[in-house]
There are 2 protein chains.
Amino acid sequence: MARLAGVSTATASRVLSGRGPASPASRSRVARAARELGYVPDAAARTLAGSGGTRVAVAVGGRTADVLDDPYAARVLTAAAGVAAAREVGVSLHWVPLHDPAALARLAGQRGVDGIVLVNPTRAALAVLPRSARGRVAAIGVGARGVPAFDVDNGTGAARVVGHLVAGGRRRVAMVTGPAWLPCTDRAVDAYRRVVGEAGLPVRAVPGDFTAARGEEAAAEVLARWPDTDAVFALGDLTALGALAALGRAGVDVPGDVAVAGFDDIAFAALSRPTLTTTTNPVEAIAAGAATAVLDRCAAEPLTLHPSELVLRDSA
Amino acid sequence: MARLAGVSTATASRVLSGRGPASPASRSRVARAARELGYVPDAAARTLAGSGGTRVAVAVGGRTADVLDDPYAARVLTAAAGVAAAREVGVSLHWVPLHDPAALARLAGQRGVDGIVLVNPTRAALAVLPRSARGRVAAIGVGARGVPAFDVDNGTGAARVVGHLVAGGRRRVAMVTGPAWLPCTDRAVDAYRRVVGEAGLPVRAVPGDFTAARGEEAAAEVLARWPDTDAVFALGDLTALGALAALGRAGVDVPGDVAVAGFDDIAFAALSRPTLTTTTNPVEAIAAGAATAVLDRCAAEPLTLHPSELVLRDSA
DNA sequence: CTGAAAGCGCTAACAC
DNA sequence: GTGTTAGCGCTTTCAG
């Protein structure tokens with residue numbers, strides 16, 4: 001017990017949890033003892049005593065429970081699990097239905113839930129968060145007062161992609177966006193509008209949902225509606241890869257007739273034919289940041305943006 | 001409290017945990033009360049009291065920690081998380097180094113660890129499991145006494161793939177296997193040997209590691225060593241997709257010159273060019289079965305095999 | 001077979 | 001500021 005190396009259990013608890021008063025003297029003694037013993041507080045006991053919890057919940061917003069099958073959710077979960085494992089706590093995965101944001105509040109009320117990492121949060125979901133959840137929720141996407149957000153800088157990333165397409169001579173650049181209900185994709189769509197606008201080019205946006213299936217549909221839709229389109233920028237490599245496949249089947253030459261670019265730089269972007277030009281999304285780093293903020297209760301910046309770097313390949 | 005609806009806390013505990021004696025009378029009363037109240041035992045309290053735990057650990061064997069980045073591990077983790085969430089417990093992700101199987105024993109000893117789902121276990125790792133772990137460990141791959149195994153029927157799956165290649169007129173079928181240290185892939189390799197053997201064809205096997213990068217190398221290796229190869233069967237779609245990309249770059253026509261087939265039927269198998277012929281691997285169902293066995297402490301069959309179905313596409 | 005009682009490791013009042 | 005004390009919800013001896 002860390003207690004043997006100094007003071008009483010109460011004092012030790014106070015300094016380790018950061019709450020309550022403690023003199024610098026005992027503060028440092030406890031810290032040293034804890035370090036020497038490699039002390040990790042028992043999450044179960046902490047939970048039982050009324051504070052803390054034994055797992056961080058990864059809550060994914062979406063219209064249907066399918067969002068849990070998205071590889072994106074799996075990557076977030078995996079990264080969060082890595083951070084959690086070091087503190088001997090677990091993670092769990094939950095769906096927050098678009099039509100029932102209160103599911104989030106219920107989740108936050110569960111005993112074992114230490115904190116929540118929100119994926120694809122809507123403002124409605126953020127609004128129903130009980131004050132008891134303050135300080136133990138972080139969002140990947142948009143945040144709110146008391147809910148720090150971590151995300152990729154998709155505005156800059158999108159601007160770079162579209163800038164590259166335009167610089168390469170493309171004049172009819174269409175974009176397959178994210179779902180309309182997802183506010184964190186606005187930055188990317190705005191960037192697209194701005195860049196094509198500044199170049200005096202038309203705005204051609206169709207909604208997407210990050211899936212490959214939707215990418216296939218969207219590509220057909222774009223070509224039907226605007227036959228002279230010479231570039232497609234999809235928010236999400238899955239969607240871009242779907243578009244690539246559909247264009248290939250339709251006999252459209254990529255990048256000859258139409259350039260295609262994605263967003264995320266997933267592993268398959270380097271394996272498709274043609275290989276996919278895209279921009280990076282350090283999901284694991286972002287998720288780890290969010291999980292750390294939740295677990296350590298540290299007051300993070302309201303919004304931490306991770307850079308997105310252009311990756312030029314053959315498709316654009 | 002379920003207790004109010006009948007007997008004393010001790011008796012309730014006895015019937016709910018299944019341990020200890022209890023009369024049929026109180027047994028049914030407690031069961032009914034629990035059902036009515038929608039009672040879920042508090043994992044934290046259980047842990048603190050010395051039994052149970054607050055998370056199921058997913059432990060992945062491998063030479064390096066990279067195995068945790070494999071999408072396969074993420075799928076298992078996600079599926080396990082789904083099962084765990086219903087019981088209000090979490091999951092965590094761990095690497096069991098090939099050179100240090102004792103890491104598994106340490107993991108099993110951790111307080112909060114309710115049970116372990118072993119992914120890609122070696123016999124050495126299974127051998128060091130402490131008896132205290134008995135009944136709360138399940139394997140995805142090969143099992144052992146007291147460790148039920150859940151896996152895809154990769155023997156039958158591989159036989160079907162190779163059978164299809166041979167039936168299609170391929171006479172020089174090479175296989176990219178799994179890592180040599182992974183015993184659960186033996187069934188697939190044996191099936192390959194058997195099918196080509198029975199057809200009087202040569203055995204051409206090169207080792208793989210399930211990665212796309214290795215698939216690219218392996219394809220080059222196979223063609224360098226046996227230039228007349230007319231089909232490549234890779235254990236794992238990632239590897240097959242890597243091979244596909246490498247062959248495409250080398251100007252080899254697929255499936256004209258060389259047929260390519262994979263194993264797993266991941267989402268990208270339908271998006272590559274050409275689309276990939278493969279065979280299914282219901283990873284989520286398998287992982288859910290393993291997680292359920294661990295959490296419910298139910299005596300599962302020593303080996304539960306899930307069927308693998310051939311998916312014919314353009315590459316073979 | 002069943003109930004009463006003692007903790008598991010920690011936090012949160014409450015005195016000092 | 002710090003120590004003492006009473007539980008958190010469960011399992012588990014130990015008597016009945």
Side-chain angles (χ1 to χ4, degrees), chain A residues 1-34 37-55 87-90 109-115 132 135-136 295-297, chain B residues 1-34 37-55 87-90 109-115 132 135-136 295-297:
Chain A
M1 284 238 247
R3 292 75 211 271
L4 296 189
V7 295
S8 75
T9 67
T11 310
S13 171
R14 278 189 281 256
V15 353
L16 288 168
S17 68
R19 277 185 286 266
S23 72
S26 41
R27 199 175 286 278
S28 70
R29 295 175 59 188
V30 172
R32 199 172 51 77
L37 272 55
Y39 176 81
V40 178
D42 184 312
R46 222 171 223 200
T47 306
L48 202 52
S51 154
T54 60
R55 63 188 193 277
R87 292 159 177 81
E88 301 192 0
V89 308
Q110 273 192 24
R111 249 184 166 290
V113 173
D114 190 36
S132 66
R136 42 194 202 96
L295 284 164
D296 294 350
R297 306 276 192 276
Chain B
M1 281 238 247
R3 291 75 211 270
L4 296 188
V7 294
S8 76
T9 68
T11 310
S13 171
R14 279 189 280 257
V15 351
L16 287 170
S17 69
R19 277 184 285 268
S23 71
S26 42
R27 198 174 288 279
S28 70
R29 295 177 60 189
V30 172
R32 199 171 53 75
L37 271 55
Y39 175 81
V40 178
D42 184 312
R46 222 171 225 200
T47 305
L48 201 54
S51 152
T54 60
R55 63 187 193 276
R87 291 158 178 82
E88 300 191 2
V89 308
Q110 273 194 24
R111 249 183 166 291
V113 173
D114 191 36
S132 67
R136 45 196 201 93
L295 284 164
D296 294 350
R297 306 275 192 276

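Chain letters run A, B, ... following the sequence lines, proteins first, then strands; residues in each count from 1. Scope of the values below: all heavy atoms of this structure, side chains included, with no hydrogens, waters or symmetry mates.
Among the atoms of the strands shown, only primed sugar atoms or phosphate atoms (P, OP1, OP2) are found under 4.0 Å from some heavy atom of B/A22. At the heavy-atom level, A/S26 lies under 4.0 Å from the strands shown only through sugar-phosphate atoms.
C/dT11 atom P lies 12 Å from atom CG of A/L48, rounded to whole Å. Atom pair B/D42:CG and C/dC8:P shows a separation of 18 Å (rounding to whole Å applied). Remark: P of D/dC10 and CD of B/E88 are 11 Å apart, rounded to the nearest angstrom. For the pair B/L16 CG and D/dG9 P, the computed distance is 16 Å after rounding to whole Å. Atom CZ in B/R29 sits about 9 Å away from atom P in C/dG3, given to the nearest Å.
Contact check, B/T47 against C/dC8: no side-chain N or O comes under 4.0 Å of OP1 or OP2. Applying the 4.0 Å criterion to OP1 and OP2 of C/dG9, one finds that A/Y39 has every side-chain N and O outside that range. Between B/T9 and D/dC10 there is no side-chain polar atom (N or O) within less than 4.0 angstrom of OP1 or OP2. Within the structure, a side-chain polar atom (N or O) of B/S23 is placed less than 4.0 Å from OP1 or OP2 of C/dT2.
Distance from the side chain of A/S17 is smallest for C/dT11 among the nucleotides C/dG3, C/dT11, C/dC8. Checked against D/dT2, C/dA12, D/dC14, the side chain of B/R14 finds its nearest nucleotide in D/dC14. Picking from D/dC10, D/dT11, C/dT11 the nucleotide with the shortest atom distance to the side chain of B/A45 gives D/dC10.
The closest side-chain heavy-atom distance from B/R55 to B/T47 is not below 4.5 Å.
Between the CZ atom of B/R111 and the OG1 atom of B/T54 there is a distance of 10.0 Å, given to the nearest 0.5 Å. How far CZ of A/R32 is from CG of A/L37: 10.5 Å, rounded to the nearest 0.5 Å.
Ranked by how close their nearest DNA chain C nucleotide is to the 5' end, B/P24 and A/R46 are led by B/P24.
When the side chain to side chain contact (heavy atoms under 4.5 Å, CB included) test is applied to A/S23, the partners found at least two apart in sequence or on another chain are A/A25, A/S26.
For a distance-only test at 3.5 Å, the side chain of A/R27 fails to qualify as a donor-acceptor partner of the base of D/dG1. For C/dG9, the base has no donor-acceptor partner in the side chain of B/R111 [N/O atoms by modelled type, under 3.5 angstrom].
Considering all non-hydrogen atoms of both residues, B/R87 and B/L295 come closest at CD-CD1, 3.7 Å.
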